[in-house]
Amino acid sequence: MATETLIWLLPLPPLLAFFLIVLFTRKNKALSHTVAVSAAFLSWLGGMIVFIRALGVEHLGQEPFHSTINWLPTGDTWFKLGVMIDPLSAIVLFFVAWTVLMIFLYSVGYHNFGQPKGDHDRPGLPPHGATVTDEHGHSHTVPSVEPMYSRFFAFIGLFAFGMYLLVVSDNLFTLFAGWEIMGLCSYLLIGFWYAKPSARDAAIKAFMTTRVGDVFMLLGIAFLYSATGTLTFTEIFQPEVLHALATTQTPVLGLSAAGLIGLLLFIGTVGKSAQWPLHVWLPDAMEGPTPVSAMIHAATMVSAGVYAVIRMFPLTSQDPNTMAIIAFIGAFTALFAASIAVAQNDIKRVLAYSTISQLGYMIAAIGIGAYVAAAFHLVTHAFFKALLFLGSGSVIHGMEHGVLHTGEHVDPQDMFNMGGLKDKMPITFWTFLIGGFALSGFPIVTAGFWSKDEIFADAFAHGYTGVFITLALAAFMTAFYTMRQITLTFFGEPRTAAAEHASETPWTMTVPLMVLSVFAIGFGWVGIPEHFPGLGGILPNWFHEFVGSTLAEPPAAVEFSWIPLMTSLTVALGGLYAGWAVYRNVKSPQEDWLQIHWLQNKWYFDEAYNFLFVKPAYWIADTFTYKWMDRGLIDGILHAVGNIAGKIGHALRTYFDVPVINGAGDALADGTRKLGISMRVIQTGRIQQYMVSSLAVIIIVGAVLYYFFIA
Amino acid sequence: MDFVLHPLNLVTFFPLVGVLALFFIDKENKEAIRWTALVTSLITFVISLWVLFGSGYDPANPDLQLVIRKSWIQVANWDITYALGVDGLSILLLLLTTFLTPIAILSTWTAIEDRVKDFMLFFLLLEVGMIGVFLAQDLFLFYIFWEFTLVPMYFLVGIWGGPNRIYAAIKFFLYTMAGSILMLLAILWLGIHQGTFYVPQLIEMGGIPLSVQKWLFLAFALAFAIKVPMWPLHSWLPDAHVQAPTAGSVILAGVLLKMGTYGFLRFNLPLFPQAAVKYAPTMALLAVIGILYGAAVSYAQQDAKKLVAYSSVSHLGFVMLGIFALNSQGVQGAILQMINHGLSTGALFLLVGMVYEQTHTRDLNVYGGLWKVMPVYGTLMLIVTLSSMGLPGLNGFVGEFTILLGAFGSQAIGSPWYAGLAAAGVILAAVYMLYMYQKMFLGPQGSIVEEVKKHGHALRDLNAREIITLVPLLVFIFWIGLYPKPFFALMAPSVDKLINIVQTAAMAMH
């Protein structure tokens with residue numbers, strides 16, 4: 001098959017799976033997951049073939065796989081849509097295909113396939129467990145299968161479709177379509193257990209917050225289109241187009257057109273990739289089932305945001321002001337989110353804030369022009385964060401098993417209820433450890449080290465000292481809270497009976513963990529800098545060359561310096577050691593000196609937004625606009641005119657009509673009365689009054705119009 | 001005979017055949033009445049398809065086609081003709097009308113039990129009026145059809161409406177009537193001064209000085225703006241919608257409001273192009289206020305139908321913004337958005353009506369968790385909700401996006417800020433639509449589920465008839481969202497011609 005045809009087909013299997021499940025197989029759980037996993041596999045297979053073929057093309061950056069169709073007539077030309085795979089999208093395709101497939105497979109075990117139906121389970125709530133009787137007549141409570149099992153696979157199918165569509169897009173239009181489809185899926189999946197009020201609220205919060213960003217992005221797209229007449233990447237990135245955009249001034253913030261468009265598109269990313277100040281939705285998104293968290297946090301949505309900024313780099317980089325804003329937001333978010341993560345006790349929330357923080361790294365990297373480093377961290381992060389989320393899901397699953405077994409009512413997500421899981425769940429432990437070390441940037445072995453190191457090196461070499469120091473601080477905190485998490489979860493003694501009885505999860509869950517571990521380590525080795533002491537040059541720095549060639553002028557490799565390397569080593573190892581040293585003896589939240597209110601409550605951003613935006617918005621809508629303006633002012637004027645007209649009519653009748661022409665109108669009145677009887681159904685007697693009032697309205701409106709428009 | 005069987009005469013007046021047939025059916029024979037009305041409207045729909053595909057209509061031709069023109073009233077120097085014609089500006093609206101009418105009739109199957117015969121009579125008469133409005137090419141004839149639509153609608157709301165129907169019906173009638181009086185004066189001025197009421201001829205003649213154009217523009221605009229409705233002339237709409245029976249709301253939102261926006265396209269732009277250019281920023285401002293204002297008020301509603309009604313104010317604001325972008329993209333987007341709004345809001349009213357029929361309440365606070373009880377209903381509602389808030393892949397997005405593109409680059413409006421503010425309406429649409437969806441379908445089960453059970457029957461999911469009513473709308477919601485090309489192709493030539501007229505006139509002004 002021609003590669004272009006294959007690329008067109010890539011997004012389709014999951015979409016097809018969505019429809020197949022919704023329309024036909026939803027009653028049959030086994031068939032539904034088979035359809036979904038096969039679809040993910042087909043897309044994976046296609047993705048790998050495309051990826052391997054992409055590796056074989058010499059100047060893929062200049063001559064990407066590209067194919068278009070005419071979609072809309074626009075005057076004398078066509079609005080084209082198409083697909084494209086260049087080095088950047090090839091590498092994104094690679095990690096998307098792998099992580100999506102693993103998450104699909106994992107979901108089978110996570111939703112307790114093969115387990116009995118729950119005793120009291122109902123759609124819209126998480127399964128509560130089922131009572132079974134074994135051969136000895138003892139009854140146990142065991143996990144029960146998810147009541148909306150098939151629906152889940154349908155939704156993640158649609159989710160995967162959105163992401164594949166976004167990755168293969170050659171233009172901002174379909175990219176935006178995929179982007180929004182993912183927004184919808186996040187809404188559906190975060191609110192998957194829709195009968196839970198917290199899940200419902202989280203779903204709406206996620207959709208609304210990201211939508212705020214999306215609208216700015218849409219404006220950016222509209223601006224770009226009206227300025228250039230195209231939304232296709234390759235056409236936008238023509239040097240003459242870029243030059244024209246860079247030299248056009250706009251009235252906003254003194255930015256050039258390129259800068260303003262870049263900024264508007266970037267605000268879309270701020271929403272989608274949960275950057276400050278639109279970060280508030282991501283932690284709440286934990287309300288969804290864990291595979292969804294992995295999907296949103298690693299494989300798809302948030303990565304899509306970063307991908308979009310990297311994709312638009314040639315445009316955005318035309319304006320240093322925009323780049324400075326991006327760098328600031330990224331670096332600030334990295335530190336800010338890390339500070340919250342250190343004080344969270346929910347195993348998934350820690351990861352959620354670490355995602356926000358790590359995305360901040362990538363954004364900051366783009367802001368300082370470190371194109372390749374940003375892409376590198378995007379890929380490695382996707383692997384190790386998918387691993388961590390699936391790992392945490394495995395932990396929670398094991399804990400839930402313990403909770404059901406013992407009947408103890410403890411929160412299976414609170415790390416202070418865990419402890420000692422190392423021996424109960426060995427595969428989960430080792431893979432989680434790998435993921436955690438990758439996130440912390442444990443030197444040499446892990447992928448996270450190489451990608452983070454590249455960002456440090458870039459920031460240092462190009463003199464962005466502020467960014468460098470901020471990110472280094474954040475990296476220290478990252479290592480610290482990661483080790484805190486690992487220590488509290490896996491080391492020491494079990495702190496509850498549930499943890500005592502936790503058990504390892506089935507193969508459908510552990511196999512994805514193992515596969516992702518391989519990437520969380522191995523993927524770093526494809527991007528070892530050439531001048532790295534000892535190791536540089538043994539393996540070629542393939543990633544840099546490959547992804548760098550996407551740009552018209554591939555960026556030069558950064559010169560080696562000991563300062564960023566030593567910093568990187570110090571913060572990673574220091575943070576890991578500190579996390580272990582502080583928490584190895586902590587038994588309860590009371591002993592944790594980091595349980596600071598400001599940090600636990602996420603610097604009170606939710607409360608502030610509620611006070612500043614949500615409440616006033618409702619007041620404006622309900623009290624001001626509806627009650628005062630609409631019912632009060634506008635209808636008030638109308639009714640007042642009606643009343644006055646009615647009074648005039650009444651006066652005319654009393655003082656003129658009755659005494660003066662009463663007798664003369666008898667015949668007419670009789671006729672009118674008959675008409676009146678036939679019209680009684682719809683008659684209130686106020687029609688005359690309104691007739692007069694309508695005339696009065698005309699006169700007033702006419703006068704107003706005359707005054708404003710003509711005079 | 002040729003005259004009677006002319007495609008446009010046939011499509012306009014065929015519903016009268018049904019009216020005639022209804023006279024011969026006993027008023028207690030409700031089934032026969034319903035079927036007669038349904039079949040009549042379906043045949044009318046088929047005829048409208050024949051107009052498009054089989055009558056020699058050429059979509060690539062920008063001019064009026066299938067024109068009928070007969071001398072009609074000649075008093076003094078008035079030359080009133082009976083003139084019908086169709087082009088790219090009206091063909092889609094014609095199809096929308098004939099498409100929505102049978103759907104609306106189908107939705108009354110169990111909802112209207114009282115005076116079914118009268119109801120269907122008025123409904124078919126209304127269809128005649130609406131089609132006439134979209135096809136009339138003589139100002140006088142247009143005015144007759146325009147006013148004619150008021151009467152059946154007045155009775156539909158006034159007889160079969162909710163508790164406050166009389167107030168709503170009168171408000172609707174007088175508001176629109178009052179708006180039309182100045183238009184009538186302007187029509188008379190044009191007809192007498194220019195010597196013809198025939199629209200294409202008037203456009204060709206042109207030559208009205210700007211100072212006069214301004215007055216005429218405003219006279220027409222007032223009538224149309226009330227119909228659209230544009231802010232601040234919208235306050236009849238929520239009352240009419242809330243009180244109207246479901247089928248009435250579907251037609252009101254789906255078609256009657258489009259008569260206003262269509263009027264701007266058909267008359268205000270080509271007849272008074274210089275005034276249109278002059279007033280474009282003002283109209284765009286009012287449109288944007290309408291978008292934001294309608295969205296804000298929607299969010300404040302606790303009544304599902306009222307919420308949808310106010311959302312129309314917001315959506316129609318988009319249409320107006322597109323029209324007064326005065327460029328090809330804006331106007332094409334506006335026409336498509338008229339169709340989209342007819343489909344999506346029509347479907348929303350149908351859906352709200354379907355659950356109302358079972359629960360007899362529209363108070364959002366008593367709903368909740370319906371997705372579990374009525375999964376099919378929940379799914380269809382979700383699709384329509386998403387379409388209404390402009391999710392890519394569904395129809396609303398294509399329309400809104402094209403309008404935003406048009407408004408962003410519009411010379412006539414002169415500033416991209418209007419488009420920027422309008423885009424904020426896209427966020428707000430998500431706020432109020434999801435608010436409604438969440439209140440009805442998500443979260444813990446609402447009190448209404450038990451309330452209905454007390455009356456002896458549980459809430460049921462949609463039945464086959466209800467699904468059949470909705471499916472045609474959903475097909476187009478997806479079709480336009482995924483592949484809008486055929487729809488744009490139908491309107492593009494005529495829109496370009498219209499824009500050309502406006503721009504030529506604008507050039508002459510400078």
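Everything quoted here is computed from the prediction, not taken from an experiment. Sequence lines set the chain letters: A, B, ... in the order given, protein chains first and strands last, and positions in each chain run from 1.
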Contacting region of A:L264 [heavy-atom separation from chain B under 4.5 Å]:
neither

Check side-chain contact (heavy atoms from CB on, under 4.5 Å) between A:A257 and all other residues, then give those that pass, not counting sequence neighbours.
A:F223, A:L245, A:T248, A:T250

Side chain, backbone, both or neither: which part of B:Y432 has a heavy atom under 4.5 Å from chain A?
neither

Residues of residues 202-212 of chain A within contact distance of chain B, non-hydrogen under 4.5 Å:
A:I204, A:F207, A:M208, A:R211, A:V212

Mind listing the closest non-hydrogen atom pair of B:A419 and A:L219 along with its distance?
O-CD2, 3.9 Å

Check whether more than 12 heavy atoms from other residues, nucleotides or ligands sit under 6.0 Å from atom CD of A:Q249, and answer yes or no.
yes

If we only count heavy atoms from C-beta on, is the A:D214 to B:V426 side-chain gap below 4.5 Å?
no

Calculate, to the nearest 0.5 Å, the distance between atoms CG and CG belonging to A:L231 and B:L405 respectively.
7.5 Å

I want to check something: taking the side chain as every heavy atom from C-beta on, are B:F401 and A:F173 in contact at a cut-off of under 4.5 Å?
yes

Which atoms of B:P232 are under 4.5 Å from chain A, going by heavy atoms: the side chain, the backbone, both sets, or neither?
both

Here the pair of heavy atoms bringing B:P392 nearest to A:A177 is CB-CA, 3.5 Å

I'd like to check A:L224 versus B:F408 (side-chain heavy atoms, cut-off strictly below 4.5 Å). Are they in contact?
no

So which of A:L218, A:I221, A:V215 has the biggest tally of heavy-atom pairs under 4.5 Å with chain B?
A:V215

So CG of A:L184 and CG of B:L382: to nearest 0.5 Å the spacing works out to 6.5 Å

Quick check on B:I499 against chain A: is it the side chain, the backbone, both or neither that has a heavy atom closer than 4.5 Å?
neither

Given side chains that start at C-beta, do those of B:F441 and A:R200 come closer than 4.5 Å, heavy atoms only?
no

Pick whichever of B:F397, B:Y483, B:Y435 has the most heavy-atom pairs under 4.5 Å with chain A.
B:F397

Would you mind checking which part of A:F216 comes under 4.5 Å of any heavy atom in chain B, side chain (CB onward), backbone (N, CA, C, O), both or neither?
neither

To the nearest 0.5 angstrom, please state how far the CG atom of A:L188 sits from the CG atom of B:L386.
7.5 Å

